[in-house]
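Data block below; observations after.
Basis for what follows: all heavy atoms, side chains included, without hydrogens, waters or symmetry-related copies.
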Amino acid sequence: MPQRIVNNNKADKSYKRLRLILGDQLNPAHSWYRELDAQTLYVIAELHQEASYAQHHIQKICAFFCAMENFAGALAQAGHEVVYLTLDDTCGYSSLIHLLQDLCAHYTVTVFEYQQPDEYRLDKQLEALGVELGQQSVVTARYSTEHFLLDHQELTTLIKPAQHNRMEAFYRKMRKRFNILMDGDKPLGGQWNYDADNRNKFKPKDISAIPAPLMFSNDIAPYKKRLIKHRIKTMGFVGDELIWPVSRQQSLAVLDYFCHHCLPLFGQFQDAMTAQANDKWSLYHARVSFSLNSKMLSPRQVIHHVLKAYDKASDTISLAQVEGFIRQILGWREYVRAVYWVNMPHYLQQNHLNASAQLPEYFWTGQTKMQCMQHALQQSLDYAYAHHIQRLMVTGNFCVLFGINPDEVDAWYLGVYIDAIEWVELPNTRGMSQFADGGWVATKPYISSGNYINKMSDYCKTCYYDVKQKSTNNACPFNSMYWHFLDRHQRIFENNPRIGMAYRAWLKQEPQQQKALLQRAQWCIDNIHQL
């Protein structure tokens, strides 16, 4: 065995079975761990392959590495045989496959087991490994992660490939199937969806009441040091301490904090944005997505906690707040996973609008005169986090209006956000945000002028650009770009019933006004890097 991975107390032992635990498979309730077996070795490894397949935010990599090491420690403390390999140990291996082949040979195992990966590329990689190990008389077995509400095998029965599948219908089926927020066969409260009640903007009196987020002081200096040593290219910023939860206990604390302090007003302000609050980046959002996507928390656990909080405090937590949150977990999260797996690998090639422009540099620096973009980008770089409206209707809106190549958009979203794993990022970005799939997720492009951003935030009040102007030199770029998008894609969208009104408004404008808007938009396109 090469010296690079023998630096542990398991180096000279043999095992019957080797089990791989990926960085997003930190599920402490998995059936694997119900019994102790001295002949089973669990392997958790920091890998150059996983740290560099995209340019990740430094907080994202550190969070995963720290959570992985904590999980390895918890398994070892429970009595399991565990080896945790750092980048120092695995740097000599070009891929996960080569590492696992070497480990299986060194420990003379006869059985290799792994859990179903959530990403297509890893799934195919481990399938290929199974074939190779089979030739070496090592039996390979794949298990469920036991995390999602839906089994992987049934996804194709719920979602049809290469076409639109209505999320609302999917969500209602999930509510009925798992008997969540139901009154017999009817939705609790008499309606399925309270989205119309959850679109409030912050008023000045609301700002001071925004709760401070629960944050941690996790030491990540060792992980940063290894990233620098092994020349892993990252983006974003971080100190020597990480504020994100990196253990099941910390994850539960964040969930409890959300239920007690944020849930009462979550739905009401879930789409709102502000530049004025001290905690303008966190607001009333749960911030449990990293814990969920790394599987430190399960969706059932999160839903149970929220329902329990609602039962205990139904006088202060309305049904609209609870339904709005549960829809994201029970509905949207399970839905996008199904869309991803049913359409892979073809999803990666979708570019329905033939977008080809490049992302401007301020996506990595935050330095732009557009106030809404500046806040969303800087927040993303500072915290590896932005809430769904910032992702969809600010940065995502910008990208689709300017026709940014969806490959570039995917790479940035996948890298910058702490909760971004391809199965959840790809349908949200290439589908919902960029309409690059031609409508498999959304029935219309999610675009807007500056008016929507002004309606849902206070960003425009201090912006260099004037949101009320459309075609002047200081007009908000979103205004003219909105009409430019509709004009250049008229053939695709003019008969779309959800945006037909916009085309009617466009055709009613005077030719000179249309010309002025298109000229302003072209200037913005030509000067995108200086906006």
Side-chain angles (χ1 to χ4, degrees), residues 273 275 351-381 386 389-409 412-413 429 433-436 444-457 459-493 499 502-503 505-507 509-531:
M273 300 172 285
N351 188 359
H352 184 67
L353 302 180
N354 294 315
S356 59
Q358 292 183 319
L359 277 177
E361 183 65 22
Y362 39 83
F363 272 72
W364 287 268
T365 67
Q367 297 176 10
T368 170
K369 297 190 288 290
M370 294 173 286
Q371 186 79 314
C372 60
M373 287 286 288
Q374 193 278 326
H375 276 276
L377 292 172
Q378 194 64 55
Q379 176 181 309
S380 301
L381 295 167
I389 293 298
Q390 291 174 307
R391 299 189 199 195
L392 178 65
M393 298 307 300
V394 180
T395 51
N397 187 22
F398 174 92
C399 289
V400 72
L401 290 181
F402 277 87
I404 306 297
N405 188 320
D407 290 345
E408 293 206 13
V409 183
W412 187 82
Y413 274 82
T429 302
S433 173
Q434 300 303 294
F435 205 79
K444 69 166 187 175
Y446 275 82
I447 57 172
S448 77
S449 65
N451 182 59
Y452 175 84
I453 297 170
N454 191 36
K455 177 183 177 183
M456 296 308 302
S457 77
Y459 292 152
C460 302
K461 292 180 178 179
T462 54
C463 187
Y464 172 87
Y465 298 104
D466 189 343
V467 71
K468 295 181 180 179
Q469 297 297 316
K470 298 180 179 179
S471 57
T472 59
N473 289 341
N474 69 326
C476 171
F478 284 92
N479 289 342
S480 59
M481 288 304 303
Y482 173 79
W483 295 113
H484 191 278
F485 176 92
L486 290 175
D487 181 72
R488 72 179 186 267
H489 295 302
Q490 183 171 347
R491 182 184 59 82
I492 296 175
F493 295 117
I499 57 173
Y503 277 103
W506 174 241
L507 295 174
Q509 295 187 43
E510 295 293 331
Q512 282 301 111
Q513 175 64 11
Q514 290 181 337
K515 181 180 179 181
L517 283 166
L518 295 178
Q519 286 179 339
R520 169 62 178 169
Q522 189 59 52
W523 183 92
C524 292
I525 292 171
D526 293 340
N527 294 275
I528 185 173
H529 298 283
Q530 286 74 48
L531 291 177

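Looking at heavy atoms from C-beta onward, His375 lies out of side-chain contact with Val394 at the 4.5 angstrom threshold. Side-chain atoms of Met373 and Phe478, non-hydrogen and from C-beta on, do get closer than 4.5 Å to each other. Taking 4.5 Å as the limit, some side-chain heavy atom of Leu353 sits within range of a side-chain heavy atom of Val400. Residues Asp487 and Leu518 form a side-chain contact, since some pair of their non-hydrogen atoms from C-beta on lies under 4.5 Å apart.
Of all the heavy atoms in Ser480 and Lys470, the pair that sits closest is CB-O, 3.6 Å. Shortest non-hydrogen contact noted between Ala386 and Ser380 is CB-OG, 3.7 Å. Minimum interatomic distance between Met481 and Leu401 (heavy atoms only, all atoms of both residues): CE-O, 3.1 Å. Nearest heavy atoms, Cys460 versus Gly450: SG-O, 4.3 Å. Taking every heavy atom of both residues into account, Ala502 and Tyr482 meet most closely at CB-OH, 3.4 Å. Nearest heavy atom pair, residue Gln469 against residue Ala475, reads O-CB, 3.3 Å.
Within 6.0 Å of CD in Gln530 there are more than 12 heavy atoms belonging to other residues, nucleotides or ligands. No more than 12 heavy atoms of other residues, nucleotides or ligands shown are found within 6.0 angstrom of CD on Gln358. No more than 12 heavy atoms of other residues, nucleotides or ligands lie within 6.0 Å of CG in Asn473, so this atom counts as exposed by the packing criterion. Atom NZ of Lys515 has 12 or fewer heavy atoms from other residues, nucleotides or ligands within 6.0 Å. In the displayed structure, Lys468 atom NZ is contacted under 6.0 Å by at most 12 heavy atoms of other residues, nucleotides or ligands.
Here the SG atom belonging to Cys372 is positioned 7.5 Å from the CE atom belonging to Met273, to the nearest 0.5 angstrom. With values rounded to the nearest 0.5 angstrom, Asn397 atom CG is found 16.0 Å from Arg391 atom CZ. Within the model, atoms NE2 of His484 and CZ of Phe402 stand 9.5 Å from one another, a figure rounded to the nearest 0.5 Å. Atom-to-atom distance recorded for Thr395:OG1 and Gln379:CD is 10.0 Å, nearest 0.5 angstrom. Of the inter-residue distances, the one linking Leu531 atom CG with Ile525 atom CD1 reads 10.0 Å to the nearest 0.5 angstrom. To the nearest 0.5 Å, atoms CG (Asn454) and NZ (Lys461) are separated by 8.5 Å.
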Query raised in the report: Between Cys399 and Leu359, is a side-chain contact (heavy atoms from CB on, under 4.5 Å) present by the stated rule, with each step listed?
Result: CA-CA 8 Å; Cys399 289; Leu359 277 177; 3.7 Å; yes
Query raised in the report: Can Tyr465 and Cys524 be said to form a side-chain contact (heavy atoms from CB on, under 4.5 Å), step by step?
Result: CA-CA 12 Å; Tyr465 298 104; Cys524 292; over 6 Å; no
**Report entry** Phe493/Phe485 under ring-ring contact (aromatic ring centres under 6.0 Å, His included): CA gap, chis, key distance, verdict
**Finding:** CA-CA 10 Å; Phe493 295 117; Phe485 176 92; 5.8 Å; yes
Query raised in the report: Passes side-chain contact (heavy atoms from CB on, under 4.5 Å), Tyr413 versus Thr429? Steps please.
Result: CA-CA 7 Å; Tyr413 274 82; Thr429 302; 3.7 Å; yes
Query raised in the report: Under the side-chain contact (heavy atoms from CB on, under 4.5 Å) criterion, do Trp483 and Gln509 qualify, and how do the steps go?
Result: CA-CA 11 Å; Trp483 295 113; Gln509 295 187 43; 3.6 Å; yes
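Note: Tyr362 and Phe398 have perpendicular aromatic rings, judged against thresholds of 30 and 60 degrees for the angle between ring planes.
No donor-acceptor distance shorter than 3.5 angstrom exists from the side chain of Gln390 to the backbone of Ala376, with no hydrogens or angles considered. Judged purely by atom type and a 3.5 angstrom limit, Asn479 has no side-chain atom pairing as donor or acceptor with the backbone of Ser471. In this structure, the side chain of Trp506 does not engage the main chain of Leu486 through any donor-acceptor pair within 3.5 Å.
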